[in-house]
Amino acid sequence: MEMLDRGHRLRFGAPEPAMVREGTVAGPGILVSGHDLADLSELLRQCEGTPVNVYTHGEMLPAHAYPRLAQHPNLAGPCGSAWQDQKAEFPAFSGPILMTSNCVLLPREAYRDRLFTAGPTAVPGGRRVQGSDFSEVIRMALSCPPLPDRFVRETEVGYHHEAILAHAGAIVSAVKAEQISRFFLIGGCDGPEAARAYYTEYAAQAPADSFILTLGCGKFRIRNHDHGTHLGLPRLLDMGQCNDA
Ligand code: SF4
């Protein structure tokens, strides 16, 4: 994990907090999910010069914090939430969907033809990307009905451990001055069942002078609640993918 983290930072730059626009913009698009930032980077490179917008889903969300990915003109923004909602969200996305790693579910008929898998990921009867050749995905994006201009919200990403350490001095001083009562880390994966709301409720009840750090898909439920700010920082700080732990 340390090697992967180092590789991500060397190749894509040190993650930094950033506001990103959730939703879609008018035009053709590809939705990318999974964990593989290298696949996302290669897809973006192959989209250069085309009008195809690339959207992130699930654990691709932290990609928007890496400068060399975030600055790419074809990277549009996050669209949708986490893997457990893919059967509801993928049918509503009119373009192709690329799964780059784990947590793909058996696709529903409504989007089976538009689902591609890459790397170690596959579904029975699904389309596989060969190597890193995304030309078929891009061709499909150009032939599918365009996406609408749809704004959902602005969201903040990028509290990778390096970005949080940049505030270490101020945080330690605040702890000594008893201005911060606790830090909670809510990491890992969340399940699809509505009843599995333990961490959502836990986060909502955390004291106003505490911070909540998240990793992995668990954040997608927790971040629907407005946790506000404390000492000028958002109380909910997403540190990135589960592998950033
Ligand atoms: S955080 Fe867990 S549930 Fe989410 S995509 Fe990664 S492995 Fe899957």
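Along the sequence shown, residues are numbered consecutively beginning with 1. Just follow the structure's listing: the first ligand is 1, and inside any ligand the first atom is 1. Worth saying up front: this structure is predicted, and the values here are computed from it rather than measured.
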Notebook entry, point to check: Quick check: does any side chain N or O of Asp85 sit under 3.5 Å from a backbone N or O of Ala88, one acting as donor and the other as acceptor?
Noted result: no
Will you find, in the side chains of [X] and [Y], an N or O donor that is under 3.5 Å from an N or O acceptor?
| X | Y | answer |
| --- | --- | --- |
| His64 | Thr56 | yes |
| Asp5 | His161 | yes |
| Glu16 | His160 | no |

Numbering the atoms of ligand 1 from 1, which are under 4.0 Å from a heavy atom of [X]?
| X | value |
| --- | --- |
| Cys242 | 1 (S), 6 (Fe) |
| Glu59 | 1 (S), 4 (Fe), 5 (S), 6 (Fe) |
| Asn102 | 7 (S) |

Notebook entry, point to check: Where does Gln241 meet ligand 1, judged by heavy-atom distances below 4.0 Å: at the side chain, the backbone, both, or neither?
Noted result: neither
Next item on the list: Verify the distance test for Cys217 against atom 6 (Fe) of ligand 1: any N/O/S atom under 2.8 Å, yes or no.
Entry: no
Next item on the list: Measure the acute angle between the ring planes of Phe183 and Phe211, then classify it against the limits of 30° and 60° as parallel, tilted or perpendicular.
Entry: parallel
